[in-house]
Protein chains: 2
Amino acid sequence: MTRFRLTIEYDGGPYMGWQRQPHGPSVQQAIEEAALAISGEETLVYGAGRTDAGVHALAMAAHIDIEKSFTPFRLGEALNAKLRAEPIAILDCREVEEDWHARFSCTGRAYRYRIVNRRAPLALEAGKAWRIPRELDHQAMDEAAQLLVGKHDFTTFRSAHCQSDSALKTLDRLAVRREGDEVLVEAEARSFLHHQVRSMVGCLALVGQGQWRRDDLGAALEAADRSRLGLNAPPEGLYFVEAKYP
Amino acid sequence: MTRFRLTIEYDGGPYMGWQRQPHGPSVQQAIEEAALAISGEETLVYGAGRTDAGVHALAMAAHIDIEKSFTPFRLGEALNAKLRAEPIAILDCREVEEDWHARFSCTGRAYRYRIVNRRAPLALEAGKAWRIPRELDHQAMDEAAQLLVGKHDFTTFRSAHCQSDSALKTLDRLAVRREGDEVLVEAEARSFLHHQVRSMVGCLALVGQGQWRRDDLGAALEAADRSRLGLNAPPEGLYFVEAKYP
């Protein structure tokens, strides 16, 4: 048995999310079926993060165990060949130790959220960003974002379906910048709660539009109460960017 | 009657091209049908350039004449509402003089061609760029590109279906640069021949892969012979970027 680490790019649009679901297609299932077709083996693919329906990945990390002998290069090529009809690409495939685990060995996760700040609908970026027509004050957003950095009870920014034992998390970085008509939010932490990035971005968007002040964001965090959430940003602007390992 | 200048973004993927075609959908037809639905008027939309099937636009310029009274803002909003199901967005709408013509008043056109230089298939950028697995020497491409700048007979780089009276054109700028794993080619001229940008990019890609030298490109240009074309780049990497007016 050899364990392989995969780096995966995908367009989350057509999927119910990363994780296998009974009701529709998932990224995990697509890769597992490709692996089955190649190796004849029923295997599980473990990802560093479980992205929601519609959320994309520039470089999801995952691992897979295969009994049959493959070089990493051949396995990556064969998976890509089988995945040709899907918007999923294996960017990198390498052999790792058998105790390396995409999820449990991961010491840091980075997400990016793309907002296109313009009035006109999205044509080329449809399904790839959140459009906000009203002008965003990205500096006010970045200032407010710093309130969320550090160790906090993120209950306000957590989905009701979150399975994490604790809402206490340490947010290492939350930064907002503008590139032309795009406003980009970068978030980094060891791990995130379910919907945490989208919930933080939703509230920052309220700040950017002047509907919330910095203090409103602080009060929502302090309250540790999901009903105080201002807005949950839609999934299509969110990208899993990087999984970090020691 | 009022003439409006439109700035249009579109994903060329689902269309036979800009220009109305008997056999399938076009960007022009979609906008004309939207205008008809709003105004009740059969109008023609004139574009600065006629992009091929699969070619995109970040900012195509066009004009349209409407009898019914509209403010530019309302017309733009109404067109976007009607075009909601299409990957076409009106970025800007403004009133212009009646002798302003999107095609004939245009004094410069700029295109960008996106190459993603990597082995893995495209997931997020599928249909939005040309993937070339072999490593490209973008500096060699940029050096060779300078041979094409200036006034030349571009017969080699012209489609057999080109309707232009003359193959003599002045290329104002052709520049190649790298941004991470993307290689971008920027082309500017008063006007281009049919397939000219894609043909130039195809040959530059041969130079970048070491299959052609700079001199081979020069000889192909000199020959003024379509059969000397090395390669025509696929449409999905091409973007109409800007139309210039006095």
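Protein chains get the first letters and strands the later ones, always in sequence-line order, with residue 1 at the start of each. Basis for what follows: all heavy atoms, side chains included, without hydrogens, waters or symmetry-related copies. Please read all numbers here as calculations on a predicted model, not as lab measurements.
- Side chains of A:L91 and B:R118 form a contact here, defined as non-hydrogen atoms less than 4.5 Å apart.
- B:E135 CD: 12 or fewer foreign heavy atoms inside a 6.0 Å radius.
- Per-residue heavy-atom pair counts under 4.5 Å with chain A were compared for B:A126, B:G12, B:A120, and the maximum is reached by B:A120.
- Neither the backbone nor the side chain of B:L83 comes within contact range of chain A; no heavy atoms are under 4.5 Å apart.
- Here the shortest heavy-atom pairing between B:E9 and A:L124 reads OE2-N, 3.0 Å.
- In the displayed structure, A:E41 atom CD is contacted under 6.0 Å by more than 12 heavy atoms of other residues, nucleotides or ligands.
- Looking at B:I90, the atoms closer than 4.5 Å to chain A (heavy atoms on both sides) all sit in the backbone: N, CA, C or O.
- Atom CD of A:Q139 has 12 or fewer heavy atoms from other residues, nucleotides or ligands within 6.0 Å.
- Between B:E125 and A:K128 no salt bridge is recorded (no basic side-chain N to carboxylate O distance below 4.0 Å).
- For B:R84, no part lies under 4.5 angstrom from a heavy atom of chain A.
- Interface remark: B:E86 contributes no atoms to any contact with chain A (heavy atom separation under 4.5 Å).
- For B:I88, the part lying near chain A is the backbone, with the side chain staying farther off; criterion is any non-hydrogen pair under 4.5 Å.
- For A:P87 against B:A123, the heavy-atom pair with the smallest separation is O-CB, 3.3 Å.
- Proximity to chain B is absent for every atom of A:I8, based on heavy atoms less than 4.5 angstrom apart.
- In the displayed structure, A:R173 atom CZ is contacted under 6.0 Å by more than 12 heavy atoms of other residues, nucleotides or ligands.
- Here the closest non-hydrogen pair linking B:P121 and A:A89 is O-CB, 3.2 Å.
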